[in-house]
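Quick note: residue numbers are just sequence positions, from 1. Atoms within a ligand are numbered from 1 in the order they appear, just like the ligands themselves.
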Amino acid sequence: MIVDLLKKRCSLRKFKQMPITQDTIDYIIEAGRLSPSGGNEQPWIFGIINDKELIRKIAVASYNQEWITSAPLLIVLCTTIVEDERGARDIQVLRFPEWKNEILNMDKELYSKLNCEEHQSKIPGTHMVLAALEHGIYSTWVSYFNVSEVSELLNLPAAYMPSEILVFGYPEGEVKPRAKKKKDEILFFNSYTKF
Ligand SMILES: Cc1cc2nc3c(=O)[nH]c(=O)nc-3n(C[C@H](O)[C@H](O)[C@H](O)COP(=O)(O)O)c2cc1C
């Protein structure tokens with residue numbers, strides 16, 4: 001059951017030197033492929049990285065997060081960058097009319113990087129993390145990395161941007177899920193009242 005699986009999930013930063021089979025990788029990818037997206041646009045591609053040297057270079061580009069090198073598999077979630085971002089700006093203006101001028105005048109390249117639909121890639125990423133866990137494979141999200149360097153390492157065309165790196169592997173050592181906030185710390189009913 002999904003909540004039982006979620007209770008087991010936790011980020012791990014030390015993995016066994018044990019490869020993940022192609023069948024299992026296919027299962028993980030299938031879980032991501034079936035994700036919802038705005039307008040069913042599926043604005044993503046997924047990079048499967050199992051080359052040890054490339055994993056090491058990505059760890060360096062992730063501001064030297066050395067622990068990444070122990071993982072047998074990375075999946076890099078890449079987001080489609082829409083070249084003409086005009087439509088996206090119009091949507092943001094509708095959401096935040098008080099920031100209309102700032103949104104419409106922001107530098108084109110900066111705007112497309114900051115406002116590309118990267119949040120959407122969190123959905124296939126979440127599916128993948130859970131599908132992997134069904135197979136006893138743990139993972140950690142990594143968003144602390146140099147986007148340009150990782151793009152270059154993956155030879156990504158300008159139309160895509162790496163938005164998240166998922167680091168997968170079988171656990172080495174203790175697996176201990178972290179405490180989460182209690183319901184009464186995160187919920188409000190109808191109208192907000194101070195916690
Ligand atoms: C979007 C996202 C980005 C993250 N980036 C990093 C990262 O760059 N490096 C890292 O060690 N952990 C990273 N984490 C892992 C978090 O630190 C971890 O999820 C958090 O401490 C909660 O622990 P848990 O996953 O075990 O519940 C990231 C998590 C998320 C969801």
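In Trp67, the part holding a heavy atom less than 4.0 Å from any atom of ligand 1 is the side chain.
Checking Ser143, Ser62, Ser163 against atom 5 (N) of ligand 1, the nearest heavy atom belongs to Ser143. When the heavy atoms of Gln65, Lys122, Arg178 are ranked by distance to atom 26 (O) of ligand 1, first place goes to Arg178.
Formation of a donor-acceptor pair under 3.5 Å by the Glu185 side chain with backbone atoms of Lys182 is found in this model. The main-chain N or O of Asn40 is found under 3.5 Å from a side-chain atom of Gln42 such that the two form a donor-acceptor pair. The backbone N or O of Arg56 sits nowhere less than 3.5 Å from a side-chain atom of Thr69 that would complete a donor-acceptor pair. Under a 3.5 Å cut-off, the side chain of Arg89 and the backbone N or O of Ile103 do form a donor-acceptor pair.
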For this session: Determine, stepwise, if the pair Phe15 / Glu172 fulfils side chain to side chain contact (heavy atoms under 4.5 Å, CB included).
Result: CA-CA 5 Å; Phe15 301 100; Glu172 171 82 69; 5.6 Å; no
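Of the protein's heavy atoms, Trp141 O, 2.9 Å lies nearest to atom 6 (C) of ligand 1. At the shortest separation from atom 27 (O) of ligand 1 among protein heavy atoms lies Lys180 NZ, 2.6 Å.
Remark: atom 20 (C) of ligand 1 lies closer than 4.0 Å to no protein heavy atom. Closer than 4.0 Å to atom 24 (P) of ligand 1 lies at least one heavy atom of the protein.
For ligand 1 and Cys10, the ligand atoms under 4.0 Å from any heavy atom of the residue are 26 (O). The ligand atoms of ligand 1 that sit less than 4.0 angstrom from a heavy atom of Arg9 are 24 (P), 25 (O), 27 (O). Of all atoms in ligand 1, numbered sequentially from 1 with element shown, those under 4.0 Å from a heavy atom of Tyr144 are 8 (O).
Residues Ile25 and Ile48 form a side-chain contact, since some pair of their non-hydrogen atoms from C-beta on lies under 4.5 Å apart. Residues His127 and Pro36 form a side-chain contact, since some pair of their non-hydrogen atoms from C-beta on lies under 4.5 Å apart.
A donor atom on one side chain and an acceptor atom on the other are not found under 3.5 Å apart for Ser151 and Ser148.
In terms of N/O distances under 3.5 Å, ligand 1 is approached by Ser11.
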